[in-house]
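First the proteins, then the strands, lettered A, B, ... as listed; each starts at 1.
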Amino acid sequence: MPELPEVETIRAGLEPHLLGQKITGITVLRPSQLRDISPEELSTQLIGKTINRLSRRGKYLLFYCSSELILVVHLRMTGQLLYYSAGKPAMVHTRLIISLEPPAELHFHDVRALGQITLLNSKQLSNWRPLLLLGPEPLGPDFTLEYFQQSLACRRAPIKNILLGQRIVAGLGNIYTDEALFKAGINPLRPANMLSEAQVQILWTAIRQTLTTAVADGGTTIRDYLNSSGISGSFQRRLQVYGRKGQKCRHCGSELVGCRLAGRSTVYCPHCQPL
DNA sequence: AATTGTACCTGTCAGC
DNA sequence: TGCTGACAGGTACAAT
């Protein structure tokens, strides 16, 4: 479900509620969603700790707690983090509940149960494979045009696959990849190393613009996504291609075409995004 | 080494 | 009214 804009919206929404809060209880309803830690161990380690900082890396949420502990959450396709200022009963798809000092609760809700939660200390975090393999933040200073050009020059896979891969740049998923490629007028099937220098520059700008707008809109709600207060995003009204296969291109009127790339459905305009 | 396919889960919707 | 299959904001791991 959530890509960078959704995860960032959740992070920003939770931050004011969670900073300085003390964890008083952990209820694990679906142990298989814990990675490399048992429910008992998670409870023992976290109870009594304070949440000091909330950050995001790619699509990972990082809860920095006292005693150098970091709770790492990945929402995958349908995960949600919902904050309640009072106790709240678990629902069918509630997978984990974090109880906080005043009677407040953070619920991890996840229909498909693909989301993952783990607990690391700061040393483990700095050696944690999934984070080490992540490319730079697309809206941060390390994602320079020069870096992007060099990274694409030696890749033969379709540009869409590269953008989805998280290794060259972190945080893009199926929605924003298709939208950024449309904005840049680039065909998703085009081999990454076949883009002209001008195209790479346009794509670099398109990625950053698309994500910036989506963050400002609080993300995209298609079916599951809700922010930490249970509110929808609004970027869906700006979608140009995602989910619009067979409909008319808003720019030229051509029929939008679909294909499958990296196992994901892909939509583009054959006229505005020629191969 | 890079790239692709499949598994992990559950729910929804179209078509029969 | 069911049943079946395709598909859904993602990643990890095995097999090319």
Applying ring-ring contact (aromatic ring centres under 6.0 Å, His included) as the test, list every pair that has at least one member in [range]; sequence neighbours left out.
range                       : result
residues 90-119 of chain A  : A:Tyr84-A:His107, A:His93-A:His109
residues 255-275 of chain A : none
residues 115-139 of chain A : A:Tyr60-A:Trp128

Nearest whole Å is fine: how far is [N] [atom2] from [X] [atom1]?
X        : N      : atom1 : atom2 : result
A:Arg264 : C:dA12 : CZ    : C1'   : 14 Å
A:Gln166 : B:dT3  : CD    : P     : 15 Å
A:Leu133 : C:dA12 : CG    : P     : 8 Å
A:Asp224 : C:dC7  : CG    : C1'   : 13 Å
A:Asn174 : C:dT11 : CG    : P     : 11 Å
A:Arg167 : C:dG10 : CZ    : P     : 18 Å
A:Asp36  : C:dT11 : CG    : P     : 17 Å
A:Arg57  : C:dG10 : CZ    : P     : 17 Å

Contacts of [X] that satisfy side chain to side chain donor-acceptor pair (under 3.5 Å) - sequence neighbours left out:
X        : answer
A:Gln150 : none
A:Lys59  : none
A:Glu15  : A:Arg11

Which part of the nucleic acid, if any, lies within contact of [X], taking any heavy atom under 4.0 Å across all strands shown: a base, the sugar-phosphate backbone alone, or nothing?
X        : value
A:Tyr242 : sugar-phosphate
A:Asn161 : sugar-phosphate
A:Arg260 : sugar-phosphate
A:Tyr60  : sugar-phosphate
A:Pro5   : nothing

Side-chain heavy-atom pair A:Ser232, A:Tyr225 within 4.5 angstrom cut-off: no
Heavy-atom side-chain proximity of A:Ile175 to A:Ile222 below 4.5 angstrom: yes
Inter- and intrachain pairs under side chain to side chain donor-acceptor pair (under 3.5 Å), touching residues 203-216 of chain A, at least two apart: A:Lys183-A:Gln209
Nucleic acid footprint by protein, nucleotides 6-11 of chain B - heavy-atom cut-off 4.0 Å, B for base, S for sugar-phosphate alone: --BBBS
Short side-chain to backbone donor-acceptor contact, A:Tyr147 and A:Ile168, under 3.5 Å: yes
Basic-acidic side-chain contact under 4.0 Å: A:Asp110, A:Arg30: no
Of A:Val73, A:Leu42, A:Thr27, A:Leu29, the residue whose pairing with A:Leu96 passes side chain to side chain contact (heavy atoms under 4.5 Å, CB included): A:Leu42
Side-chain N or O of A:Arg155 closer than 4.0 Å to phosphate OP1/OP2 of B:dA1: no
Sub-4.0 Å heavy-atom contacts from residues 120-127 of chain A onto DNA chain B, ordered by number: none
Interatomic spacing from CD1 in A:Ile51 to CG in A:Leu18 - rounded to 0.5 Å: 4.5 Å
Can you name the atoms? Protein N/O to nucleotides 14-16 of chain B N/O, anything below 3.5 Å, with the distance.
none

Stems involving DNA chain C, each a run of at least 3 consecutive Watson-Crick or G-U pairs under 3.5 Å: B:2-8 with C:10-16, B:10-16 with C:2-8
Euclidean distance for P, C:dC7 against B:dG5 (whole angstrom): 15 Å
Inter-nucleotide P distance (B:dC9, C:dC3), Å rounded: 24 Å
A:Tyr176-A:Thr220 side chain donor-acceptor pair, cut-off 3.5 Å: yes
Any residue meeting salt bridge (Lys or Arg N to Asp or Glu O under 4.0 Å) with A:Arg56, in chain and number order, not counting sequence neighbours: A:Glu8, A:Glu137
